[in-house]
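Okay, structure first, notes after.
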Amino acid sequence: MLKTEGLTLHYGGSQILYGIDMEARAGEVTCIMGTNGVGKTSLLKAIAGAHPRSGGRVILNGEDLPKLPPQGMARRGLGFVPQGRMIFPLLTVTENLQTGFATLPKSEHRIPDEIYDLFPVLKDMAHRRGGDLSGGQQQQLAIARAMIMKPRLLLLDEPTEGIQPNIIQQIGRVISYLREKGDMAIILVEQYFDFAYGLADRFYVLKRGAVDVAGTKAELGRDRVRQAVSV
């Protein structure tokens, strides 16, 4: 579904990412881990087009993509749930969800029942403003908005950050459900180790902007992954 080759990224004169080679497959959760400041969020932004990559290749669904802005990546099937959620606080829940229609043909401009089945609170609060929701409810809204775009690749940046435990469990169930459907690749950046390890099929552990450890859960095992993210 996604492959990067030699991906590099600079912020001004500072290099942030150094030759990232990775892949994310449909029907799998690929988890990017590492301590603070190693480039995890920067990697997602580079893939999503939110910050133009300096070099390297991004191949999505077999297409070698040029440097595209976020809307261009979204039209090619990429959904991004950024850190901090970035919902529209003055729009209602329904209006926030409808912003996901932008990449869809007009005939598909509807909110699927699946969204409300997975996130019942969004139906209950359809007319509430996004800014009036709790942090956990906003995170559910952000994930639902990305799902409406029918992405083939879904990027999730720290979805458990600042979220109460019962909502974390629900988000975990949604990610498992999306993986089991088999038609979507999911890339998860996550600091909460048990949550990440329970969901992930494949790991990339970053250190100083480069891949330090990579492999499947079966290849690495819990102790190896925990050791890698603890150093």
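We use all heavy atoms of the structure for the numbers below, so side chains are in, but hydrogens, waters and symmetry mates are not. All values reported here derive from a predicted model rather than from experimental measurement.
- Annotation: side chain of Q138 is not in contact with side chain of P89 (no heavy-atom distance under 4.5 Å).
- Listed for the E63 side chain is no donor-acceptor partner under 3.5 Å among the backbone atoms of L65.
- When L60, N61, L2 are each tested for a side chain to side chain contact (heavy atoms under 4.5 Å, CB included) with R152, only one passes: N61.
- Taking OG1 of T216 as the reference point, atom CD of E28 lies at 8.5 Å (rounded to 0.5 Å).
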Requested in this report: Determine, step by step, whether L90 and R129 satisfy the side-chain contact (heavy atoms from CB on, under 4.5 Å) criterion, reporting the C-alpha distance in whole Å, the side-chain angles of both residues, the deciding distance to 0.1 Å, and the verdict.
Outcome: CA-CA 6 Å; L90 299 181; R129 292 194 306 182; 3.5 Å; yes

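- Rounding to the nearest 0.5 Å gives a distance of 13.0 Å between CE of M86 and CG of L141.
- Judged by distance alone, the side chain of E95 and the main-chain N or O of G130 form no donor-acceptor pair under 3.5 Å.
- In this structure, the side chains of L220 and F203 come closer than 4.5 Å at one or more pairs of heavy atoms.
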Query raised in the report: side-chain contact (heavy atoms from CB on, under 4.5 Å) between L154 and L78: does it pass, once the steps are laid out?
Result: CA-CA 6 Å; L154 179 63; L78 185 145; over 6 Å; no

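- Put simply, the side chain of F119 reaches to within 4.5 Å of the side chain of V174, judged on heavy atoms.
- Looking at D223 and Q227, their side chains never come closer than 4.5 Å, going by heavy atoms from C-beta outward.
- G49 and P70 get closest at one heavy-atom pair: O-CD, 3.3 Å.
- Atom CD of residue Q164 and atom CD of residue Q169 lie 11.0 Å apart, to the nearest 0.5 angstrom.
- Taking R75 as the reference, Q71, T103 meet the side chain to side chain contact (heavy atoms under 4.5 Å, CB included) condition, with sequence neighbours excluded.
- Note on I175: it clusters hydrophobically with M147, by side-chain heavy-atom contacts below 4.5 Å among ILVMFWY residues.
- To the nearest 0.5 Å, the span separating NZ on K123 from CG on D117 amounts to 8.0 Å.
- Using cut-offs of 30° and 60° for the angle between ring planes, the Y11 and H51 rings count as perpendicular.
- Salt-bridge annotation for R25 and E23: present, with a side-chain N of the basic residue lying under 4.0 Å from a carboxylate O of the acidic one.
- Screening residues 171-188 for salt bridge (Lys or Arg N to Asp or Glu O under 4.0 Å) gives E114-K181, R179-D201 as the qualifying pairs, with residues at least two apart or on separate chains.
- Side chain of H10 to main chain of S54: no donor-acceptor pair is present (N/O by atom type, distance under 3.5 Å, no hydrogens or angles).
- Under the 4.0 Å criterion applied to side-chain N and carboxylate O atoms, R202 and E219 are not assigned as salt-bridge partners.
- Of the possible polar contacts, none joining the D212 side chain to the K207 backbone as a donor-acceptor pair under 3.5 Å is found.
- Scored by the salt bridge (Lys or Arg N to Asp or Glu O under 4.0 Å) test, R57 finds E5, D64 as partners (sequence neighbours excluded).
- With a 4.5 Å cut-off on side-chain heavy atoms, Q140 and Q170 count as touching.
- We find the CD-CG distance between Q137 and D124 to be 9.5 Å, quoted to the nearest 0.5 Å.
- In this structure, the side chain to side chain contact (heavy atoms under 4.5 Å, CB included) partners of V189, at least two apart in sequence or on a different chain, are I32, K40, L44, D157, E158.
- Across P159 and I171, no two heavy atoms sit closer than the pair O-CD1, 3.8 Å.
- Counting only distance, with no hydrogens or angles, the side chain of T94 and the backbone of A126 share a donor-acceptor pair below 3.5 Å.
- Using a 4.5 Å cut-off between side-chain heavy atoms of Ile, Leu, Val, Met, Phe, Trp and Tyr, F88 falls into a hydrophobic cluster with L91.
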Query - From CA spacing to verdict: side-chain contact (heavy atoms from CB on, under 4.5 Å), L43, L17 - result: CA-CA 7 Å; L43 177 55; L17 299 176; 4.1 Å; yes

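- Looking at T8 and Q15, their side chains never bring a donor and an acceptor atom within 3.5 Å of each other.
- Contact annotation: the side chain of V211 never approaches that of V205 to less than 4.5 Å [non-hydrogen atoms, C-beta and beyond].
- Put simply, the side chain of R53 gets close to the backbone of G56: a donor and an acceptor are under 3.5 Å apart.
- M149 and L97 are not part of a single hydrophobic cluster, where members link through side-chain heavy atoms under 4.5 Å apart.
- Under the 3.5 Å distance criterion, with hydrogens and angles disregarded, no donor-acceptor pair is assigned to the side chains of Q191 and E161.
- No donor-acceptor pair under 3.5 Å is formed between the side chain of T160 and the backbone N or O of I168.
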**Report entry** Test side-chain contact (heavy atoms from CB on, under 4.5 Å) applied to I148 and L104, step by step
**Finding:** CA-CA 9 Å; I148 282 177; L104 300 176; 4.3 Å; yes

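- A distance-only check finds a donor-acceptor pair linking the side chain of K217 to the backbone of A200 [under 3.5 Å].
- Residues S176 and L199 have side chains in contact (heavy-atom distance under 4.5 Å, counting atoms from C-beta outward).
- Linking Ile, Leu, Val, Met, Phe, Trp and Tyr residues whenever their side-chain heavy atoms come within less than 4.5 Å places Y177 and V81 in a single cluster.
- From R208, atom CZ reaches atom OG1 of T35 across 9.5 Å, with rounding to the nearest 0.5 Å.
- Under a hydrophobic clustering in which Ile, Leu, Val, Met, Phe, Trp and Tyr are joined whenever their side-chain heavy atoms come within less than 4.5 Å, directly or via other members, I186 and M22 fall into different clusters.
- In the hydrophobic clustering of ILVMFWY residues, with side-chain heavy atoms under 4.5 Å counting as a link, L188 and I167 come out together.
- Residues I20 and L206 are in side-chain contact: their nearest non-hydrogen atoms beyond the backbone lie under 4.5 Å apart.
- Partners of F193 under the side chain to side chain contact (heavy atoms under 4.5 Å, CB included) rule, at least two apart in sequence or in another chain, are M33, Y197, R222, V225, R226, V229.
- Using modelled atom types, no side-chain atom of H127 and backbone atom of T92 make a donor-acceptor pair closer than 3.5 Å.
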